[in-house]
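All values derive from a computational prediction rather than experimental measurement. To find a chain, count down the sequence lines: A is the first, B the second, and so on, and within it residues start at 1.
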Number of protein chains: 4
Amino acid sequence: MAPRTPIQLEKVRAKSRTKIINAAIELFARKGYHATSISSIAAKAGIAKGLLYHYFKSKSELLDEILKNSLSEVDEPMQALMMPGDPVDKMALLIESTFAMVQSDIKRWKLLVSIMTQYEVLIRIRKIFSKMMQGYLEIFEHLFKEMKVPQPKLEAYRLAATIDGVMLHYIYYLPDGYPLEEIKNEIIQQYAKYRKKKK
Amino acid sequence: MAPRTPIQLEKVRAKSRTKIINAAIELFARKGYHATSISSIAAKAGIAKGLLYHYFKSKSELLDEILKNSLSEVDEPMQALMMPGDPVDKMALLIESTFAMVQSDIKRWKLLVSIMTQYEVLIRIRKIFSKMMQGYLEIFEHLFKEMKVPQPKLEAYRLAATIDGVMLHYIYYLPDGYPLEEIKNEIIQQYAKYRKKKK
Amino acid sequence: MAPRTPIQLEKVRAKSRTKIINAAIELFARKGYHATSISSIAAKAGIAKGLLYHYFKSKSELLDEILKNSLSEVDEPMQALMMPGDPVDKMALLIESTFAMVQSDIKRWKLLVSIMTQYEVLIRIRKIFSKMMQGYLEIFEHLFKEMKVPQPKLEAYRLAATIDGVMLHYIYYLPDGYPLEEIKNEIIQQYAKYRKKKK
Amino acid sequence: MAPRTPIQLEKVRAKSRTKIINAAIELFARKGYHATSISSIAAKAGIAKGLLYHYFKSKSELLDEILKNSLSEVDEPMQALMMPGDPVDKMALLIESTFAMVQSDIKRWKLLVSIMTQYEVLIRIRKIFSKMMQGYLEIFEHLFKEMKVPQPKLEAYRLAATIDGVMLHYIYYLPDGYPLEEIKNEIIQQYAKYRKKKK
DNA sequence: AATGAATGAGGTTTCATTCAT
DNA sequence: AATGAATGAAACCTCATTCAT
């Protein structure tokens, strides 16, 4: 009959929060933010409507929370660059890990894309995204320079577009049977010719 | 105050419809379908709320109408293929006209993308889109075969992805200063080597 | 089938607004602002809940509107002072008209009192009230000086308090059989001795 | 961690109750009963929300409790009358102690007034108040008769109104610089002329 | 005694749609 | 064709109260 310990409480809290967030991601991604009602999130999470407001101040804060988490993951692929080695290998690794990231959590990416293509409202989010994109472009360009690709800047834009386009198609248009692996390999392959020869 | 002639009536009708549709495209594209209210559309169109229902049975039918119009335009670039000539040229033309189409009506494309990334509901629309995409892929593949590009099917997927990715970036991420022209030329250029030599 | 004329519209609007405002005054006065639900107002007014928001942006704006109207009436008794004549008569008139004002619309005054005794929130309203009170005090003092009442300022405070106290008792504590007229006359009577003698 | 003795327990209970009641008075008085949430009371009292329900069955019972306590204090001034002596002195004492009561606990009185001006619901409370008022009126009348004031009943009403009016102004309208003492003395003073001459 | 997570009824507000003119 | 008042379902959110620990 004693109150729960802080650790017990934290566990309970974490469990409920997770249930809510997962339900929200699923529904936001599938039907869009506005078309998803708090009721439906609560129902899917198996909790009472009121509890949701115990954990999140509002619907929009719930979204914010999810987006913040999602975007924080995005920087991870960048780590690939710290390593020494042939830029072609680094580029390959970068592309691989980027694709892997999306493949591992399609729902989250669906949500991100749908949010990105939506709000003039969520300017803050868009800014984060823009910066991230800028980061990618710079790294691509840097590697292309190392690889002696002609027009490295333009090639960076093109690669970024190709990757996002593939993702888009993979996620939305043709979820069944999209030859993701083959295309990924193609993309990586095209830079093979820039590999430095070993002596 | 004599009754208007049928022709005048028809004109009035067309004008009102156009005003409504334009207002709707603008708002749907900017704020999303659900976040846009009928009131705001009517206000932007400069008509009374009630009148909107004379022209469109419901909000969703208004959307449908817009989407139908938008998608019908998409087929036009395909015409380029009927012409005889070097497939490299045809491909270039196809790419050019596709880009031109988006550039000429960004709002419409923003709307299309935002819808595409949204509804499990609008399955019908998604089907149309899928078919369209399929069409593009087939034509690309066909041309690549003519051009003797190795792995024509894969290359078709890649090109489609690149084009959509570029559009996406152009429309959303970096609206200012996106080097659309240069990238477009790059994309076209890469196939120049497959041009048939004239005798 | 032509749309209503502006005049017709204004009539309809005024009718609905009045219905809503009357219902709101009644309920706010009886149960307090917070304890009164929008639903109950709409029900009492005989309209749909949604319509209320057609006329008032929010519950609190509805209250504001009512208060503004109510407070604007308050200045009227002051007119009594412009007239020439014995200050004792003017005072009598002022007291009479103040009481009459409350008697003629008890519900409104109940509401005003309940609001005044409630919100730290509605600071704006309280300021208006304070100023009004100040105005009364000054006029009372002015008349008392003319009447050569000793300690005119203090007497002003006392009269103001007595009047508000009588109102309070009349409105709340003992609505049945409260001897309002007699008390009013008593209050007026006590200043008779300051009447100037005619030559 | 030995179990507490019953006496310790009782102390703890009393302390918690007091904390809750004080928090509640403060908040009810400031924001009104309905606008004050149980959460905010618990927060201000520094306890958990659930605990509040160990001490009070419901929010409304908590209010009841406070009101009961508050009203029980009101009878105390009446004691002054048992004493022998000049009725003018007794009246003076009665007025003094009544004012003192309010001055010593403004918050409580704010609450009482706001409650009184609010609920048709709390009829029971209003009845108590009415009875109390009746009691005051009778005592006033009784003293006025002893003092040979003409129209003692009417004068009783007027005095009661003046006192409540002064309180009201003191509590709400003009908290800063309200000349409470002077007015009180004025009120007392006006009855000086009815003092019996000593032989 | 004490905690705070959890519930659910009910509150305010929005908005697609209908209706009378 | 055109208007805008009116409706009512459903959205978001609050909060008194209960419950498990």
Side-chain angles (χ1 to χ4, degrees), chain A residues 1-6 8-9 11-13 15-17 34-42 47-60, chain B residues 3-4 8-9 12-13 15-16 34-42 47-60 62, chain C residues 1-6 8-9 11-13 15-17 34-42 46-60 62, chain D residues 3-4 8-9 12-13 15-16 34-42 47-60 62:
Chain A
M1 306 287 173
R4 271 165 282 204
T5 66
Q8 284 175 313
L9 276 179
K11 256 191 206 157
V12 171
R13 288 183 65 83
K15 203 169 150 196
S16 289
R17 272 184 72 95
H34 274 105
T36 300
S37 73
I38 289 284
S39 301
S40 69
I41 297 174
I47 56 152
K49 237 183 331 180
L51 188 58
L52 203 147
Y53 288 89
H54 194 65
Y55 290 103
F56 303 93
K57 259 210 299 281
S58 67
K59 188 181 173 186
S60 107
Chain B
R4 274 163 281 204
Q8 282 176 317
L9 273 183
V12 170
R13 283 192 66 86
K15 205 170 149 197
S16 287
H34 271 102
T36 300
S37 70
I38 289 283
S39 301
S40 69
I41 296 172
I47 58 152
K49 224 178 353 173
L51 186 56
L52 202 146
Y53 286 85
H54 272 263
Y55 294 104
F56 303 93
K57 227 175 21 227
S58 69
K59 189 181 175 186
S60 104
L62 169 57
Chain C
M1 308 289 175
R4 272 166 282 204
T5 66
Q8 284 175 314
L9 275 180
K11 259 193 206 155
V12 171
R13 287 184 64 84
K15 203 170 151 197
S16 289
R17 271 184 72 96
H34 274 106
T36 300
S37 73
I38 289 284
S39 302
S40 68
I41 297 173
I47 56 150
K49 238 182 329 182
L51 188 58
L52 203 148
Y53 287 88
H54 195 64
Y55 291 103
F56 303 94
K57 259 210 302 277
S58 67
K59 187 182 175 185
S60 109
L62 170 57
Chain D
R4 274 163 282 201
Q8 282 177 318
L9 272 183
V12 170
R13 282 191 68 87
K15 206 170 148 197
S16 286
H34 271 102
T36 299
S37 71
I38 288 283
S39 302
S40 68
I41 296 173
I47 57 153
K49 222 178 355 173
L51 186 55
L52 204 147
Y53 284 86
H54 271 262
Y55 294 104
F56 303 94
K57 226 173 23 224
S58 70
K59 189 184 176 185
S60 105
L62 169 58

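Rounded to whole Å, atom P of E:dT17 lies 10 Å from atom CD1 of B:Ile41. Protein atom CD1 of A:Ile38 is 16 Å distant from nucleotide atom P of E:dT14, rounded to whole Å. Whole-Å rounding puts the C:His34 NE2 to E:dG10 P distance at 19 Å.
Taking NZ of A:Lys15 as the start and CD1 of A:Ile47 as the end, the distance is 12.5 Å to the nearest 0.5 Å. The distance from the CD1 atom of C:Ile38 to the CG atom of C:Leu52 is 5.0 Å, given to the nearest 0.5 Å.
Under 4.0 angstrom from either OP1 or OP2 of E:dA6 there lies at least one side-chain N or O belonging to A:Ser16. Between E:dG4 and A:Arg13, no contact under 4.0 Å exists linking OP1 or OP2 to a side-chain N or O. Considering only side-chain N and O atoms, C:Arg4 lies nowhere under 4.0 angstrom from the phosphate OP1 or OP2 of F:dG4.
B:Ser40 comes within 4.0 angstrom of nothing in the nucleic acid, heavy atoms only. Counting non-hydrogen atoms under 4.0 angstrom, B:Thr36 reaches the backbone sugars and phosphates but no base.
The listed nucleotides are F:dC12, E:dG4, F:dA5; the one nearest the side chain of A:Ser37 is F:dC12.
For DNA chain E, runs of at least 3 consecutive pairs of the Watson-Crick or G-U wobble type, with both hydrogen-bonding distances under 3.5 angstrom, map to E:2-21 with F:2-21.
Remark: A:Ser58 pairs with no residue by the side-chain hydrogen bond (donor to acceptor under 3.5 Å, both in side chains) rule, at least two apart or across chains. Partners of B:His54 by side chain to side chain contact (heavy atoms under 4.5 Å, CB included), not counting sequence neighbours, listed by chain and number: B:Leu51. Annotation: side-chain hydrogen bond (donor to acceptor under 3.5 Å, both in side chains) contacts of C:Ser39 (sequence neighbours excluded): none. Remark: B:Lys57 engages B:Glu61 in a salt bridge (charged side-chain N to carboxylate O under 4.0 Å, His left out) (not counting sequence neighbours). Residues that satisfy the side-chain hydrogen bond (donor to acceptor under 3.5 Å, both in side chains) test with D:Ser60, not counting sequence neighbours, are absent from this structure.
Applying the salt bridge (Lys or Arg N to Asp or Glu O under 4.0 Å) rule to pairs touching residues 46-55 of chain C yields nothing, sequence neighbours excluded.
Contact detail for A:Val12 and A:Tyr55: the closest heavy-atom pair is O-OH, 4.4 Å.
Comparing C:Gln8 and B:Ser60, the nucleotide of DNA chain E nearest to each residue sits closer to the 5' end for B:Ser60. Comparing B:Ala48 and C:Ile47 by the nucleotide of DNA chain F whose heavy atom lies nearest to each, the residue mapping closer to the 5' end is B:Ala48.
Residues from residues 49-59 of chain D with heavy atoms under 4.0 angstrom of DNA chain E, sorted by number: D:Lys49, D:Gly50, D:Leu51, D:His54, D:Tyr55.
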